[in-house]
S.K.: 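There's a structure below that I have some questions on.
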Amino acid sequence: MKYTDEQIRAFGLNRESIPAHVAIIMDGNGRWAKQRGIPRALGHRAGVTRLKEIIRFSSDIGIQALSLYAFSTENWARPKTEIEALCSLFVEFFNREFDELNENNVCIRALGDTSRFPAEVDRLIRNANQRTRDNTGLKLNIAMNYGSRDEILRAARLAAEEPGGVTAENFEKHLYTAGLPDVDLLIRTGGEERVSNFLLYQISYAEFVFPKTFWPDFTQERYIETLKTFSERSRRFGGLDNS
Ligand code: FPP
């Protein structure tokens with residue numbers, strides 16, 4: 001379902017001030033679980049519920065691209081049991097949600113080198129990418145084994161091999177986000193105010209919002225509040241305010 005302008009206004013938002021590209025660092029699953037005295041894996045599972053809600057709302061409200069940080073290159077340092085729990089959630093997510101995402105015209109791609117994951121995870125994400133590549137709706141990027149410094153070095157090496165060398169155009173076409181608009185809004189839930197090696201090149205002019213809410217509590221309502229905060233920011237891109 002796509003919201004009309006009137007429905008968007010009923011949320012207190014305006015179509016003109018909706019960001020083209022939202023990036024989210026979904027932090028706080030572990031602390032959410034700890035608060036409840038339950039295993040961290042259950043925090044991640046609760047996080048998937050929110051992830052589905054935020055993807056659906058982003059698609060319905062007409063956001064062009066949504067990039068979610070699901071697993072960083074540094075996350076391999078976590079206990080094996082937690083990595084396995086996350087991999088099971090990835091498998092479950094792609095198996096259960098793929099058809100609905102595809103029907104909603106969502107185009108799925110992974111950011112990062114997914115070949116380090118168990119073969120089933122890698123296969124599911126590649127398959128999802130192939131089957132949705134012509135979809136024209138929300139561009140859903142799931143960062144898995146992603147690190148921005150790695151991405152930048154990789155793009156620089158590949159650009160250096162191109163005929164024109166390392167131009168902005170040659171460089172950008174080798175980023176995992178090739179063809180997508182720059183990030184307008186970076187959200188990190190959980191109260192910490194760090195970027196943690198996420199989309200460093202793409203967030204050059206992004207607005208940052210750091211809600212204190214742990215990711216499993218970041219509902220559609222919290223997301224709307226964050227989008228309102230974004231719409232109130234004055235963005236000058238290095239120039240002067242026109243107002
Ligand atoms: C950070 O919380 C969260 C992660 C490292 C994993 C994010 C993954 C999901 C939300 C679910 C799986 C994703 C998909 C695509 C199905 P943390 O564990 O660092 O929390 P803490 O800072 O409170 O310890």
Side-chain angles (χ1 to χ4, degrees), residues 22-59 65-102 104 106-114 116-118 120-129 132 138-148 176 186-199 210-220 222-223 226:
V22 177
I24 310 185
I25 302 174
M26 307 179 286
D27 200 13
N29 296 345
R31 281 165 288 161
W32 182 91
K34 194 170 176 201
Q35 263 185 354
R36 287 161 178 74
I38 58 175
R40 291 176 60 82
L42 292 183
H44 294 313
R45 179 169 284 283
V48 178
T49 305
R50 288 289 93 83
L51 171 136
K52 291 193 272 192
E53 186 175 328
I54 298 305
I55 295 172
R56 187 172 307 119
F57 188 73
S58 300
S59 168
L66 175 67
S67 297
L68 302 170
Y69 209 177
F71 197 96
S72 74
T73 45
E74 288 70 37
N75 285 150
W76 296 108
R78 295 200 174 196
K80 197 164 164 265
T81 47
E82 184 169 344
I83 296 174
E84 283 168 359
L86 282 167
C87 287
S88 302
L89 288 175
F90 296 152
V91 169
E92 209 175 295
F93 173 78
F94 287 111
N95 280 331
R96 289 206 186 149
E97 304 304 319
F98 179 81
D99 288 342
E100 190 185 323
L101 290 167
N102 194 25
N104 286 329
V106 173
C107 171
I108 304 170
R109 75 166 98 164
L111 310 179
D113 175 10
T114 55
R116 195 170 160 187
F117 285 104
E120 192 184 12
V121 175
D122 186 37
R123 184 183 58 76
L124 282 167
I125 181 84
R126 279 172 194 274
N127 194 28
N129 175 242
T132 63
L138 175 73
K139 309 285 180 213
L140 173 64
N141 306 315
I142 305 185
M144 293 171 65
N145 190 25
Y146 174 86
S148 189
Y176 291 118
L186 175 79
I187 304 170
R188 181 183 187 129
T189 60
E192 313 227 335
E193 305 191 353
R194 288 193 284 278
V195 174
S196 300
N197 204 15
F198 194 40
L199 300 173
F210 299 109
K212 296 215 180 329
T213 319
F214 294 142
W215 176 252
D217 289 330
F218 194 73
T219 54
Q220 176 177 307
R222 295 276 100 79
Y223 189 32
T226 308

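Note that the numbering runs from 1 along the sequence shown for the chain. Read the numbers this way: they start at 1 and go in the same order the structure lists the ligands and their atoms. Side-chain atoms are counted along with the backbone in the values below, which use heavy atoms only and exclude waters and symmetry mates.
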S.K.: With rounding to the nearest 0.5 angstrom, report the CZ to OG1 distance, Arg123 to Thr114.
M.R.: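 Taking CZ in Arg123 and OG1 in Thr114, the distance rounds to 12.5 Å.
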S.K.: If you take the nearest heavy atom of each of Leu86, Asn29, Ile54, which one is closest to atom 10 (C) of ligand 1?
M.R.: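 Minimum heavy-atom distance to atom 10 (C) of ligand 1 goes to Asn29.
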S.K.: Would you call Gly28 a ligand 1 contact, heavy-atom distance under 4.0 Å?
M.R.: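 Yes, that is the case, since the closest heavy atom of the residue is under 4.0 Å from the ligand.
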S.K.: Hey, does Gly30 come in under 3.5 Å of ligand 1, counting only N/O atoms on both sides?
M.R.: yes
S.K.: If we ignore hydrogens and angles and just use 3.5 Å, is the side chain of Asn197 paired with the main-chain N or O of Gly147 as donor and acceptor?
M.R.: no
S.K.: Looking at Met26, which atoms of ligand 1 are within less than 4.0 Å of one of its heavy atoms?
M.R.: 1 (C), 2 (O), 3 (C), 10 (C)
S.K.: Would you tell me whether Arg222 and Thr189 have side-chain atoms, one donor and one acceptor, within less than 3.5 Å of each other?
M.R.: no
S.K.: Considering only the protein, which heavy-atom contact is closest to atom 4 (C) of ligand 1, and what is its distance?
M.R.: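 Here the closest protein heavy atom is His44 CE1, 3.8 Å.
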S.K.: Locate the shortest heavy-atom distance separating Thr213 from Phe218; write the atom from each residue and the value.
M.R.: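 Closest approach of Thr213 to Phe218: CG2-N, 3.8 Å.
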S.K.: Going by the order shown, which atoms of ligand 1 are within less than 4.0 Å of some heavy atom of Phe93?
M.R.: 16 (C)
S.K.: Going by the rule side-chain contact (heavy atoms from CB on, under 4.5 Å), which residues pair with Asn127 if we only count those two or more places apart in sequence or in a different chain?
M.R.: Arg131
S.K.: Does Lys34 approach ligand 1 within less than 4.0 angstrom via side chain, backbone, both or neither, non-hydrogen atoms only?
M.R.: neither
S.K.: Identify, for atom 6 (C) of ligand 1, the protein heavy atom at the shortest distance, and state residue, atom and that distance.
M.R.: Ala70 O, 3.4 Å
S.K.: Is Glu74 touching ligand 1 with its side chain, its backbone, both, or neither, if touching means heavy atoms under 4.0 Å apart?
M.R.: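 Near ligand 1, Glu74 shows nothing, with every heavy atom at 4.0 Å or more.
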S.K.: As an exercise, state the distance from CD of Glu192 to NZ of Lys212, rounded to the nearest 0.5 Å.
M.R.: 10.5 Å
S.K.: Judging by distance only, is a nitrogen or oxygen of Asn75 under 3.5 angstrom from one on ligand 1?
M.R.: no
S.K.: Given Arg31, Arg78, Arg40, which one has a non-hydrogen atom that is nearest to atom 19 (O) of ligand 1?
M.R.: Arg78
S.K.: Are any side-chain N or O atoms of Thr132 and backbone N or O atoms of Ile108, one a donor and one an acceptor, separated by less than 3.5 Å?
M.R.: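 Checked: pair present.
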